[in-house]
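Working notes, beginning with the structure itself.
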Amino acid sequence: MLMKTSNKMNKINLLKYISLSLLSFILSSCSDFLDNAPDDQLDLEMVFNDKTRTEDWLANIYTGIPDPYFGIIKTVGYEIMADDITPSQRWVQWWGNGPLNFRIGQWFTDSPWSADFWAGLPKKIRSAYILIHNAHPNPTQNVTEKDIETMKDECRFLIAYYYWVMTEAYGSVPYFDDMVDVNAPQDQLMRGQRSFDETVDWIDQQMVDLSKRLPEKWDDKFFGRATSIMCLAVRARMLLFAASPLVNGNEWYKEFLNNDGKERFNTTYDATKWTRAAKACKELIDAAHAAGHGLYYEYNADGSIDPFLSCANALLKKTSEGNKEILFARPDCNYGEWEGHSTPRGCGGNGGLGVTQSLVDAFFMENGLSPILGYKEDGQPIINEASGYTEKGFSTEPEIRNTGWDICRNAPDAKPGQITMEGTYNMYCHREPRFYLTVVYNRQWYWTENRTTRFLRDEWDGGPTHDAPQNGYLLRKKVSLEQNNRDGIHPYRPGILYRLGEAYLNYAEALNEAEPGNPDILKYLNLIRERAGIPQYGSGKGMIPAPSGQKEMRELIRRERRVELCGEGIRYHDIRRWKLGEEFLNGNEYGMNFSGTELSDDPNNPQAFYVRTPVLKRVYSKKCYWFPIFQTEVDKDPTLIQAPFWNQ
């Protein structure tokens with residue numbers, strides 16, 4: 001089954017999943033086909049009279065869960081449509097006219113999008129309904145009534161979850177509460193879309209009910225199957241989205257109606273939505289704690305938290321290895337390609353999956369302060385002098401921290417806890433641990449090659465090839481330090497979609513809107529900062545004064561979310577729901593000088609590498625907040641109403 005884990009998905013399992021996908025498509029397409037199928041073809045009775053085939057059918061329904069590694073980059077595109085991770089724009093010739101082009105405004109109602117949400121997830125939903133109607137106990141094969149009940153509840157979870165995945169993308173989708181006969185009258189097949197709030201309320205109800213029916217955990221061999229905690233996690237994130245400015249009192253959508261005459265989005269602000277979201281987040285946290293979940297920690301020999309290993313392995317370790325932070329994960333995912341595209345091209349990788357300068361700027365300093373307070377009209381940073389940050393010069397000695405994370409292993413004269421080399425550009429010195437766990441910068445030690453990275457033009461890892469970091473950086477987030485792309489070594493890890501660290505930040509944000517000043521806001525925010533190894537907010541010794549107002553706290557929480565959750569498929573939805581796309585996704589995207597040939601930070605030297613340089617012109621407008629329905633779908637179904645502003 002899909003839900004069983006192993007260090008590598010073998011070829012037999014892969015062929016099995018392909019076969020299952022074809023089987024599900026055939027069996028869910030049309031009842032007439034089943035009636036006339038040849039004798040050597042499986043029919044529904046044969047499937048659900050057999051334990052293994054029934055379990056395989058269920059496993060296939062799970063395959064609609066998005067892959068949070070390379071799937072979220074290439075297929076779904078959410079990660080690269082935000083402002084943290086950026087592939088080489090020259091990859092568009094291989095990836096086609098998809099999210100890479102969406103980033104620069106080349107986005108139309110007939111633009112292809114390979115996420116397969118609109119066409120693919122309804123097939124998974126229909127397959128789930130088929131199981132609900134046909135699965136039954138099988139005493140001769142030890143399939144009990146309880147087993148079938150649980151499978152049906154898993155299907156209900158997946159139906160509700162897939163409806164949220166679609167709604168989060170399109171804002172409003174057609175809803176079917178059961179299978180519909182493909183030969184039914186047209187008015188039963190073409191229903192138009194359901195309003196956003198109606199869909200959210202239905203999913204909320206489903207997830208609350210299922211959280212009382214599904215187990216809170218499974219044995220490790222069934223890791224990935226639906227649990228009560230997964231229900232509460234999806235619900236809490238969804239209600240946070242539903243309370244946010246994009247869909248809570250947004251006058252953009254006034255009088256924008258679906259086919260049924262109802263507003264697609266409620267344009268009257270409702271403050272109780274924040275209260276509802278905060279309550280859901282707290283219920284998730286309490287239930288997760290009661291089920292044994294907690295933030296993942298590793299410790300140094302002196303008993304202190306090792307923030308490097310803690311933050312890194314929270315995304316790389318399995319639950320069987322003590323990682324209880326995972327709330328919802330996909331067991332199989334394409335982390336090999338994620339790591340391959342993050343590996344420098346001169347080190348056996350594809351070398352084009354980088355991070356933006358604005359993400360580099362977002363990480364705090366070692367002292368917990370933000371280095372950059374904002375930007376001038378010309379794109380240059382407003383530096384926070386109190387933070388100790390500087391963009392001038394290079395370090396004169398290695399930097400040592402109290403950690404077992406050995407990024408500088410095999411480096412000449414490397415010392416325990418060394419995280420930088422002598423001669424590192426000062427922009428990258430004295431930064432918080434999560435910075436080093438996320439960013440591969442020029443002249444950083446790369447132990448598998450026993451050398452530093454070389455990103456200058458015409459160097460081993462640099463341009464002008466497409467397989468070089470156009471922003472002057474590569475990605476390290478969710479990349480194992482033990483991976484070696486040249487030798488095909490990629491240690492297994494689950495694809496985490498929801499984790500407790502995010503739940504803490506969700507709760508802090510919702511609570512700040514619902515009940516400003518509540519002490520839980522700082523409590524949960526500080527738990528994230530403590531694990532990250534930076535000073536907490538408060539009035540005690542060594543702490544940073546906490547913001548005094550709701551607005552200031554809101555900005556602080558948003559900064560923390562960006563740093564903690566970058567590379568996890570969340571940032572794009574944050575920007576959308578905050579209604580800040582035009583601010584963050586419109587205009588120049590910066591990096592280091594991709595064409596630089598000298599290790600210089602002189603802004604007057606065109607060959608200087610360490611100079612902030614525009615590398616891409618981003619384009620974003622009001623229509624981009626929702627994916628458009630593909631035009632041929634609208635043409636086929638007159639009850640479908642295109643997403644807002646796409647027909648203008």
Side-chain angles (χ1 to χ4, degrees), residues 1-6 9-10 12-65 121-162 176-182 206-207 209-231 328 330-332:
M1 291 180 65
L2 168 67
M3 291 74 73
K4 296 181 181 180
T5 62
S6 62
M9 178 186 293
N10 57 42
I12 294 175
N13 282 337
L14 180 58
L15 291 172
K16 176 180 175 183
Y17 297 145
I18 293 171
S19 300
L20 287 171
S21 296
L22 292 171
L23 173 66
S24 178
F25 176 78
I26 291 169
L27 292 180
S28 63
S29 295
C30 172
S31 58
D32 287 346
F33 177 86
L34 292 173
D35 293 339
N36 297 298
D39 292 340
D40 61 348
Q41 298 292 318
L42 287 174
D43 60 20
L44 289 178
E45 185 176 0
M46 293 170 65
V47 170
F48 292 108
N49 281 340
D50 182 84
K51 176 182 179 181
T52 299
R53 288 172 181 159
T54 300
E55 291 174 339
D56 288 347
W57 187 281
L58 176 61
N60 180 63
I61 301 170
Y62 273 92
T63 61
I65 296 172
L121 291 183
K123 294 176 185 176
K124 300 298 182 185
I125 290 171
R126 183 173 175 82
S127 292
Y129 281 132
I130 289 174
L131 186 148
I132 289 171
H133 281 284
N134 291 278
H136 55 80
N138 189 340
T140 62
Q141 296 185 20
N142 296 319
V143 179
T144 67
E145 184 71 44
K146 178 63 177 174
D147 293 333
I148 296 301
E149 207 176 287
T150 300
M151 286 185 182
K152 291 181 178 182
D153 286 338
E154 290 176 74
C155 285
R156 287 179 58 201
F157 165 78
L158 290 167
I159 289 167
Y161 172 63
Y162 291 151
F176 294 86
D177 60 359
D178 206 338
M179 286 191 304
V180 177
D181 189 333
V182 294
Q206 290 292 302
M207 292 303 186
D209 180 52
L210 289 166
S211 71
K212 300 171 184 175
R213 297 173 60 85
L214 285 165
E216 65 182 22
K217 63 179 68 173
W218 291 83
D219 291 340
D220 287 338
K221 66 178 179 178
F222 296 120
F223 175 73
R225 294 182 70 165
T227 66
S228 60
I229 302 302
M230 287 163 63
C231 295
F328 180 179
R330 178 182 164 121
D332 66 302

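Atoms considered below: every heavy atom in the structure, side chains included; atoms not considered: hydrogens, waters and symmetry mates. Please read these numbers as outputs of a predicted model, since none were measured by experiment.
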**Fill in**
Minimal heavy-atom distance between Lys124 and Tyr162, with the atoms involved, is CB-CE1, 3.6 Å
**Prompt:** Can you tell if the side chain of Asp332 reaches within under 4.5 Å of the side chain of Tyr62, non-hydrogen atoms only?
**Reply:** no
**Message:** Are the side chains of Met151 and Glu55 in contact, using a 4.5 Å heavy-atom criterion?
**Reply:** yes
**Complete:** Applying side-chain hydrogen bond (donor to acceptor under 3.5 Å, both in side chains) to Asn134 and not counting sequence neighbours gives none
**Asked** How close do Cys155 and Leu58 get, heavy atom to heavy atom, and via which atoms?
**Response** SG-CD1, 3.8 Å
**Side-chain heavy atoms of Met179 within contact of Ile132, under 4.5 Å** = no
**Lys/Arg-Asp/Glu bridge criterion (N-O < 4.0 Å) met for Arg156, Asp153** = yes
**Prompt:** If we only count heavy atoms from C-beta on, is the Ile159 to Ile125 side-chain gap below 4.5 Å?
**Reply:** yes
**Item:** Heavy-atom pair of closest approach, residues Phe328 and Phe157
**Value:** CE1-CZ, 4.0 Å
**Request:** With the side chain counted from C-beta on, respond yes when Asn138 and Phe48 share a heavy-atom pair under 4.5 Å apart, and no when they do not.
**Result:** no
**Request:** Decide yes or no for Asp178 and His133: does some side-chain heavy atom of the first lie under 4.5 Å from some side-chain heavy atom of the second?
**Result:** yes
**Complete:** Heavy-atom nearest pair, Ser228 first then Ser211, reads CB-O, 3.1 Å
**Asked** So, the side chain of Arg126 versus the backbone of Val180: is there a donor-acceptor pair under 3.5 Å, distance only?
**Response** yes
**Request:** Determine whether Thr150 and Trp218 make a side-chain contact, defined as any pair of heavy atoms from C-beta on separated by less than 4.5 Å.
**Result:** yes
**Asked** Looking only at heavy atoms, which two atoms of Ala160 and Met207 are closest? And how far apart?
**Response** CB-CE, 3.8 Å
**Message:** Looking at every heavy atom in both Val143 and His136, which two are closest together, and how far apart are they?
**Reply:** CG1-O, 4.2 Å
**All side-chain hydrogen bond (donor to acceptor under 3.5 Å, both in side chains) counterparts of Asp50, not counting sequence neighbours** = none
**Prompt:** salt bridge (charged side-chain N to carboxylate O under 4.0 Å, His left out) with Asp147: which residues, sequence neighbours excluded?
**Reply:** none
